[in-house]
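Input: a single structure, listed below in structure tokens.
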Amino acid sequence: DYNFSNKSVTKIDADNKTIHVLEDSGNPIRGYRSKRWKIFNLMEEIDIPGEYYIDYDSAKLYFFPPDVITDKTLEISLLETPIMNFAEADNITFQGIEFCQTRSSAVTLKDIDNIDFIDCTFKDIGYDAINTSATQKAVTAAATWQAQSKNGAYNMDIKGCFFENIGCRAILTNGAGDIDTLTSSNIVIEDCYITRTAQKAFWDAIWMYGCGVTVRNCIISNIPHQAIRLYGVDLTVEYNDIHDVIREDDDAAAVYGGQNELLRNWNVKYNYIHDVVSIQQMQYNATLGLYFDDGELGNTGMYNIFRNMRIGYNSNQAADTLVQYNTFIDITKPISTHGADRLSGDIVTQYKLHPTLEDLHNDIYDPELYYERFPNLKEVVNKGTNPLKFTKYSDNLMVDCGQSVYEPQYVKYGDMSNNVELQGKDIFVDPEKQDYRLKADTDIAKHNPNLLNENNFDIEKIGLKSNDLVC
């Protein structure tokens, strides 16, 4: 499953072949789930390249290198603070700078405006590479565990940067913009290559908090956990190449968001999400491309290509959602819906995190502003309209896939129509080069001209704009 924690060993009982660990009541070992565990920093277990042991008493490192290290320099960071820490700063550009080797974060920013990182490198970072925060707390969605900050970061470009060997996240945009007033942060993460994050903790490569954040034209790969987490308003994920993620996770997705009915307007579009396969057997074996979870409302996933994973799009009580014009290839369940017990009947008055519609209304700083921007939300809150009535999981293409799973409530109230299932990849432009646009002269392209085809979409728009970062 998605749980991850470090436990200190308190005793090794060799006679009974038992290892005792220091338990944490807030994050217990979940023995009923996938039962994954591994021992690290143990001298006797150094038998695989990359493993190590630190003898703190003698200050010695025992390391089994993954490659030949002749004529190479071995460096160990002792820095326990961020390389740079900014508060109430603005109008600064960092270009072509390498940030590396700290046991903390590389750069932390608080209450800033117009600070950019262009063509920079972040590697060998113990915690986050770039981390924003704020002093002000938002009112909207404050009644839930996802309470947000605001006004912490505005007008920031992170472009052409390379991230590798990051202990936790590559980028966290906590406090971006203002979700109370729907003021966009104008934070753009673009043309970046992100690999090998979350090397020592369960964190996603990019956490999109706040209002008005965009991730565009990035490659995100070789990640043990999720690539992108969505927890905000007006978030855009587009033209990215995301692959080989969820390597050590279960019940998780390349792009994941959920657990709050008010954080909405996520636009996940024109991405190529592929080869999302765990390297080990899990409890659920649920590696997903896109996941709107726990009653999430008001978001879209359109014009994406999903290939080679367990589930392409997964909905757990998500509604008022558009999942259309996507292409699913070699997937066990292209679309899967579940948990819709609360979404039965024409009138819905209770949600996962808000027991009543009044609770939902009162958890918005400026309800009229939100209702004007999001008319469907107004219908849901003021009239109790079942949000599945605004849900469309339609007009998608499934090629060489298994069967999708639609719960009765989704079929009754939503639109699950015109999803086409086909066998054989000869309808695509060039599968060997991973060009999964439809040939324009195929029947399916003519039947559904909104699906990506060689005439209506340039495949070169996906991924990095420049090849300089490709390793």
Side-chain angles (χ1 to χ4, degrees), residues 1-66 74 76-81 101-105 124-129 131 145-146 165-170 172 196-205 207 222-227 229 244-253 256 258-259 277-288 291 293-294:
D1 58 70
Y2 52 81
N3 194 49
F4 184 97
S5 62
N6 293 326
K7 309 290 185 182
S8 297
V9 174
T10 57
K11 184 177 70 171
I12 298 177
D13 186 341
D15 294 335
N16 295 309
K17 298 182 179 180
T18 303
I19 298 173
H20 298 258
V21 300
L22 183 64
E23 257 298 23
D24 176 4
S25 59
N27 194 13
I29 295 175
R30 302 182 180 187
Y32 62 92
R33 292 285 183 100
S34 56
K35 301 181 180 179
R36 296 176 292 135
W37 62 275
K38 66 179 180 181
I39 298 291
F40 64 95
N41 201 43
L42 184 65
M43 171 74 83
E44 293 84 351
E45 290 297 320
I46 302 179
D47 55 4
I48 298 176
E51 293 185 331
Y52 65 90
Y53 169 69
I54 299 174
D55 186 331
Y56 290 96
D57 293 334
S58 63
K60 288 184 178 180
L61 168 67
Y62 298 83
F63 177 53
F64 189 165
L74 178 62
I76 299 176
S77 174
L78 299 179
L79 181 63
E80 297 184 349
T81 59
Q101 296 175 344
T102 174
R103 298 168 65 184
S104 180
S105 296
D124 305 329
I125 306 298
Y127 200 70
D128 296 335
N131 179 319
W145 71 270
Q146 291 185 27
N165 292 335
I166 311 298
C168 295
R169 295 160 290 214
L172 166 65
R196 291 181 53 79
T197 63
Q199 295 301 292
K200 69 174 188 179
F202 167 70
W203 297 117
D204 310 312
W207 278 38
N222 195 15
I223 306 292
H225 305 297
Q226 299 177 146
R229 177 171 297 212
D244 293 289
V245 298
I246 319 296
R247 305 288 286 164
E248 301 176 17
D249 254 349
D250 195 10
D251 189 21
Y256 171 91
Q259 304 174 355
V277 181
S278 175
I279 61 176
Q280 51 190 315
Q281 183 65 37
M282 298 294 188
Q283 172 79 8
Y284 301 115
N285 193 24
T287 51
L288 320 172
Y291 191 178
D293 192 15
D294 284 343

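Between A170 and A129, the shortest heavy-atom distance links the atoms O-CB, 3.1 Å. Between P224 and Q199, the shortest heavy-atom contact is CD-NE2, 4.1 Å. Residues D251 and Y291 approach most closely at OD1-CE1, 3.6 Å, considering heavy atoms.
Here F63 and Y52 keep their ring centres 6.0 angstrom or further from each other.
Salt-bridge formation is detected for the pair R169/D128: a Lys NZ or Arg NE/NH1/NH2 atom is positioned less than 4.0 Å from an Asp or Glu carboxylate oxygen.
In this structure, the separation between CD1 on I12 and NZ on K17 is 14.0 Å, given to the nearest 0.5 Å. With values rounded to the nearest 0.5 angstrom, F64 atom CZ is found 9.5 Å from I46 atom CD1. With values rounded to the nearest 0.5 angstrom, Q226 atom CD is found 11.5 Å from T287 atom OG1. The structure places CG of L288 at 7.5 Å from CD1 of I246, a figure rounded to the nearest 0.5 Å.
Taking 4.5 Å as the limit, some side-chain heavy atom of D293 sits within range of a side-chain heavy atom of Y256. Here the side chains of F40 and E51 are not in contact, with every heavy-atom distance at 4.5 Å or above. Residues I54 and N41 form a side-chain contact, since some pair of their non-hydrogen atoms from C-beta on lies under 4.5 Å apart. Contact annotation: the side chain of W203 never approaches that of T197 to less than 4.5 Å [non-hydrogen atoms, C-beta and beyond]. Under the 4.5 Å side-chain criterion, counting only non-hydrogen atoms from C-beta, S104 is not in contact with E80. Annotation: side chain of T102 is in contact with side chain of I125 (closest heavy-atom distance under 4.5 Å). Counting heavy atoms from C-beta on, the side chains of R247 and I223 never come closer than 4.5 Å.
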**Prompt:** Between R196 and N222, does a side-chain hydrogen bond (donor to acceptor under 3.5 Å, both in side chains) hold up when you go through it step by step?
**Reply:** CA-CA 6 Å; R196 291 181 53 79; N222 195 15; 5.5 Å; no
**Item:** Step-by-step side-chain contact (heavy atoms from CB on, under 4.5 Å) determination, V21 to T10
**Value:** CA-CA 5 Å; V21 300; T10 57; 5.6 Å; no
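Checked by atom type and distance alone, the side chain of D55 pairs as donor or acceptor with a backbone atom of S58 at under 3.5 Å.
Looking at D204 and H225, their side chains never bring a donor and an acceptor atom within 3.5 Å of each other.
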